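Here the structure is a predicted model, which means the values were calculated and not measured.
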Amino acid sequence: MPSVSMVVNGRQVSGEVEGRTLLVEFLREQLRMTGTHVGCDTSQCGACVVHVNGESVKSCSIFAMAASGAEVATIEGVANADGTLSVLQQAFQDHHGLQCGFCTPGMVMSAADLLKINPNPSETEVREWLEGNICRCTGYHNIVKAILSAAATLRGEAVAAE
Amino acid sequence: MAKDEVSASAVGAPMKRREDVRFLTGKGSYTDDMNRPGQSYVVFLRSSVAHGVIRTLDVEAAKASEGVLAVYTHRDIEADGLGGVPCGWEITQSDGSKMVEPAHPILASGKVRHVGDPVVAVIAETKAQARDAAEKITLEIDALPAVVDMRSAETAGAAVHDEAPNNVCYDWDFGDKEKTEAGFAQAAHVTTLEFTNNRLIANAMEPRACIGEHDAAGDRYTLITTSQNPHVIRLLMGAFVLNIPEHRLRVLAPDVGGGFGSKIYHYAEEALVTWASKKVGRPVKWTADRSESFISDAHGRDHVTKAELAMDAEGKFLALRADTMANMGSYLSTFAPCVPTWLHATLLAGQYTTPAIHCRVRAMFTNTVPVDAYRGAGRPEATYLLERIINKAAAELGLDQAEIRRRNFIRPDQFPYETPVALTYDTGDYLATLARVMTMADYAGFEARRQEAAGRGKLRGLGLSCYIEACGIAPSSLVGALGARAGLYEAATVRVNPTGSVSVFTGSHSHGQGHETTFAQVVADQLGIPADSIEIVHGDTDRIAFGMGTYGSRSLAVGGSAIVGAIEKIVAKAKRIAAHLMEASVDDIVFEDGQFKVAGTDKAKAFAEVSLAAYVPHQYPIEELEPGLEETSFYDPKNFTYPAGSYLCEVEVDPDTGVIDIVGMWAADDFGKVINPMIVEGQVHGGLAQGLGQAFIEQCVYDANGQLPSGSYMDYAMPRADDLPSFAVETDLVGTPCTHNPLGVKGCGEAGAIGSPPALVNAVVDALKPYGVQHMDMPLTPQKVWTAIDAATPKMAAE
Amino acid sequence: MYDFQYVKPANLYDAVAAMGSEDAQALSGGQTLTPTMKQRLAQPGTLVDLTGVPELKGIEVGPDSVTIKAATRHVEVERSAELRAAIPALVELASRIGDPQVRNRGTIGGSVANNDPSACYPAAVMALDGVVVTNNREISASDFFQGVYATALEENEIVTAVRFRRPDSASYQKFVQPASRFALTGVFLAKFGPEARVAVTGASENGVFRHAGLEQALSASFTAAAADPVAVSADGMIQDLHGTPAYRAHLIKVMTKRAVQACGG
């Protein structure tokens with residue numbers, strides 16, 4: 001079996017995989033990092049979104065081998081170093097942007113990518129960005145609020161730091 | 001406790017959810033996240049044919065396939081004498097006979113009855129190996145004509161089950177037929193509406209999964225499963241399928257990623273993995289692919305109805321008549337028979353004083369996936385019926401949609417109000433919720449908005465819906481009389497630990513509802529201790545005395561009431577301990593702010609001092625009182641609860657394409673007392689999204705052969721963020737607390753899904769008024785809307 | 001999914017060589033191929049990942065044409081300022097393919113080679129008088145697309161780039177299928193001098209096509225009203241859950257008129 005190595009949340013990892021092993025399977029079944037979820041088999045629900053080399057991707061639609069040598073970031077690596085919630089995670093809690101929690105890791109990873117590209121998104125831009133993330137619980141209302149709020153907080157911090 | 005702790009966790013405060021941190025950091029523990037030592041994997045070979053006789057089934061090549069541990073068919077199931085999947089509700093037909101209740105085998109026996117019917121279970125070292133092996137099975141099926149459209153099921157010429165040659169499961173009716181006919185005889189106007197309440201697929205984001213495990217040392221089984229009610233699964237599977245007594249069967253439902261009804265039921269896969277774990281001597285895991293969920297999770301709704309409303313000249317309702325066909329699918333799922341009957345016909349009074357109601361329901365077998373309760377379960381169907389026919393009546397009579405409702409509302413001074421369909425509403429104020437939502441939506445300003453939109457070439461419409469639901473299911477003696485094979489109480493144990501921390505064991509199950517927070521608020525409020533020192537335990541039959549689970553918006557009203565019952569026992573006992581400690585009469589002890597005080601003195605004992613004394617009973621009334629501080633309560637509700645509200649939906653239709661833009665969705669709900677408004681509003685948001693999804697985008701379609709073209713997210717449209725607007729939701733504006741449970745709560749989980757579909761359809765029909773459109777069946781897809789416009793356009797041009 | 005051998009060549013020569021192995025299949029972004037393989041509807045023996053081939057990456061904007069290399073991802077097209085200046089409609093099109101995560105992986109070469117009847121890019125290639133460049137030839141759009149999922153590509157042939165002619169103006173109007181978010185009907189309109197080219201995706205049972213009647217009318221008079229009298233036949237249009245042939249035919253005209261308006265006509 002071919003072996004693959006990559007950096008996941010800053011940690012060098014490697015493992016034996018098949019050609020058909022998906023990145024999400026490598027994360028969940030070999031690394032036992034189960035925060036990244038699988039909610040569909042047609043690449044639409046977005047529960048599996050992680051970052052590969054700084055960009056959000058659906059880890060169910062990329063082979064582990066294709067991520068060889070890449071920097072992968074998952075929900076397990078999002079919190080602050082001291083274990084407290086990041087601004088974005090905290091906004092999800094503050095605004096009740098999650099219910100069952102299953103889509104949440106993908107939502108957070110997707111939203112983090114948006115805020116990196118567009119620190120000041122409009123509500124419409126947030127809603128359009130979330131096209132690839134399905135949530136069945138929240139009706140999106142509070143997810144959108146949480147992302148807009150996190151964006152505001154992050155902009156405020158940036159101003160304060162200048 | 002400290003003041004900020006009090007205010008943060010107080011009843012009525014929007015306390016942040018305690019469960020969120022684990023979900024936000026990837027530390028949730030869902031069934032598929034779990035792996036047991038030595039675990040194997042099962043893959044099911046399912047029928048790709050809707051209806052047929054199994055002619056050839058050869059599994060030898062699969063057995064020899066790499067990594068395969070076992071391959072099971074119905075022969076193995078029958079050899080071990082296992083039962084079929086049971087149904088939990090029996091309907092008595094109009095003629096007094098019982099419904100037809102065919103066997104539901106775990107693996108198809110002789111015949112397959114829907115696409116997705118499991119035929120073979122293949123267990124292997126890995127999922128891929130199991131799947132590879134499944135492809136080596138020879139399964140040949142002689143196809144029979146598929147019974148798909150229930151409207152023609154009686155004359156289809158094919159029977160899903162031999163026991164039901166006309167495919168009728170039951171023919172049932174309810175209400176006073178003669179009185180209803182009399183009402184129609186004196187009517188000045190009768191409005192008729194024929195419609196479909198579209199079939200839906202719940203689509204909780206977590207696909208179903210389960211792990212069976214057998215401990216040979218103790219001959220004890222464990223099932224970890226994606227369930228809304230682990231005790232119910234233990235009861236149904238243990239007693240009816242596998243013949244395992246409760247003490248040798250543990251069912252765990254850990255973090256569960258949404259349910260919406262679809263995870264209430266006992267499914268064949270659960271029984272198979274549990275049974276097989278002993279046969280193969282290894283834990284057996286099954287996780288559904290989403291495409292498998294589409295053809296194996298119970299579907300929802302699917303009614304075809306003809307409704308008639310009799311009115312006097314002023315639009316006062318005189319009588320309502322409904323004739324419904326309800327699709328049961330191929331087998332009877334756990335609660336399926338009760339959904340179109342007792343959860344539907346009993347709600348047909350709505351918020352109105354209609355004096356006579358009659359409803360007939362025929363439940364049909366078809367070669368489709370079983371249909372059971374989905375968020376709202378029967379009540380959305382009843383609300384849709386009423387709220388659509390009322391708007392059609394208003395249009396026919398030239399009445400404003402709010403005015404016709406006001407003329408017929410049950411008024412606040414009429415409670416308790418006994419409807420002609422068996423329910424007694426304890427409380428409500430429908431005029432108030434209607435007035436509130438009209439203010440929220442600027443009802444009065446709508447015509448100006450319509451004009452403005454017309455200037456942009458858009459058709460704007462406003463739709464109202466006033467729903468009521470019966471929640472907090474349900475008084476056990478009542479549901480027993482109606483055919484339930486279970487009681488519908490809830491259980492709770494409150495364990496005060498020696499140092500004063502509290503463990504609450506609840507039979508309710510949280511799969512997104514936030515019980516770990518709301519229930520902690522209730523306990524903190526009752527005991528005057530910080531929420532931090534309270535844990536809420538659910539989802540484990542070994543740790544929790546008993547439970548009936550979470551559905552029908554019952555958790556707080558029934559499960560919360562059981563917790564209150566246990567707390568009352570705790571406080572009563574603790575008062576006796578405190579009286580002893582302070583050498584006072586128990587009658588003089590008052591409990592407030594977490595302190596046991598002797599009335600009229602400054603003597604007091606903290607909660608933790610009393611709990612410590614209960615476990616270190618050195619100075620203790622040991623002659624008359626046992627040590628310890630743990631109490632269990634079973635709460636059996638006295639009545640249903642009756643949340644109600646008024647919803648307005650505003651849309652803009654693009655006449656060129658038929659696309660609907662939902663520009664406003666307002667909800668004014670009366671849920672009685674609200675413990676955590678943040679969570680309650682979130683529940684409404686989610687319900688609205690599902691209800692709107694049903695109304696305009698979600699389309700579950702079977703073709704004539706019983707195939708499911710809408711069998712993946714490529715064709716089944718899930719509402720996404722950019723399909724929906726921001727919602728305006730107010731849940732605490734009026735509030736008529738429930739009169740018969742200790743918390744005054746009514747339930748909020750289903751309201752949004754019940755009230756919103758007719759609001760949206762009413763809005764679109766209003767928008768299409770210039771085209772003479774009177775009704776369209778859900779979902780109102782762009783194609784359907786455009787077709788309606790297109791069909792009316794030549795007529796308009798001619799006028 | 002069936003297992004396969006995964007190879008990731010570092011240059012075009014090796015990629016072409018790898019495509020010579022038995023049942024080889026090119027993999028680019030994998031946003032369509034991976035789900036197809038999960039359903040066990042494709043069984044490649046070797047999967048040749050083209051994303052590591054530097055010759056297949058980049059965008060070149062010339063005075064008369066634009067070339068997008070095959071492994072260029074939709075997100076790179078979406079965010080290319082140069083391209084936005086040259087053919088904004090192409091940038092708009094890329095920005096509405098799938099969702100952000102799909103755009104972060106999916107490539108133009110993969111889209112064109114797959115020729116999904118509801119994909120967006122084929123309409124642009126047709127309307128913008130495009131040329132599909134492979135490792136051994138150039139194929140005009142009209143020759144390249146040969147029906148649903150069918151192209152002129154031969155075994156072992158790799159799409160290396162797509163070249164578009166720069167129009168005077170262009171617009172892509174996509175009417176989305178609500179579940180998949182693919183085009184239920186998409187119209188790419190391009191104007192070259194007096195010539196209007198109208199390419200339609202998502203609608204026809206034969207895949208992407210140009211609509212002669214609409215092109216003729218709009219070449220004569222570039223106004224939305226000019227499209228009105230044109231007969232758009234429902235014959236050969238797709239019938240599915242989301243649209244009848246008549247609805248799709250209707251949408252072709254509506255989308256075309258919107259495209260004309262977006263082009264200032």
Step by step, would you call B/Asn327 with B/His299 a side-chain contact (heavy atoms from CB on, under 4.5 Å)?
-> CA-CA 10 Å; B/Asn327 202 336; B/His299 293 180; over 6 Å; no
Is it the side chain or the backbone of [X] that comes within 4.5 Å of chain C heavy atoms, both, or neither?
X        : answer
B/Glu135 : side chain
B/Ser710 : both
B/Pro719 : neither
B/Thr657 : both
B/Asp289 : neither

For the residue pair B/Ser262 and B/Asp297, confirm or rule out a side-chain donor-acceptor distance under 3.5 Å.
-> no
Is there a donor in the side chain of C/Tyr149 and an acceptor in the side chain of C/Asn114, or the other way round, less than 3.5 Å apart?
-> no
Pair C/Tyr121 + C/Tyr172: ring centers closer than 6.0 Å | no
Contact class of C/Leu241 relative to chain B, heavy atoms under 4.5 angstrom | both
Side chain from CB out, backbone as N, CA, C, O: work out which of these in C/Arg40 comes under 4.5 Å of a heavy atom of chain B, or both, or neither.
-> side chain
Please lay out, stage by stage, how C/Arg258 and C/Gln173 fare under the test side chain to side chain donor-acceptor pair (under 3.5 Å).
-> CA-CA 7 Å; C/Arg258 289 183 181 178; C/Gln173 297 290 326; 5.9 Å; no
Of all of B/Met718, B/Lys784, B/Gln699, B/Arg720, which one pairs up most often with chain C through heavy atoms under 4.5 Å apart?
-> B/Arg720
Top contributor to chain C interface from B/Val701, B/Asp656, B/Asp715 [non-hydrogen pairs under 4.5 Å] | B/Asp715
Do NZ/NE/NH1/NH2 and the carboxylate oxygens of B/Arg460 and B/Glu652 come within less than 4.0 Å?
-> yes
Considering only NZ, NE, NH1 and NH2 on the basic side and carboxylate oxygens on the acidic side, decide whether B/Asp723 and C/Arg181 come within less than 4.0 Å.
-> yes
Chain B: which of C/Gln177, C/His250, C/Met255 shares the most heavy-atom pairs with it under 4.5 Å?
-> C/His250
Looking at C/Arg248, C/His242, C/Lys257, which one has more heavy-atom pairs under 4.5 Å with chain B than the rest?
-> C/His242
What are the two closest heavy atoms between C/Leu214 and C/Ala227, and how far apart are they?
-> CD2-CB, 3.9 Å
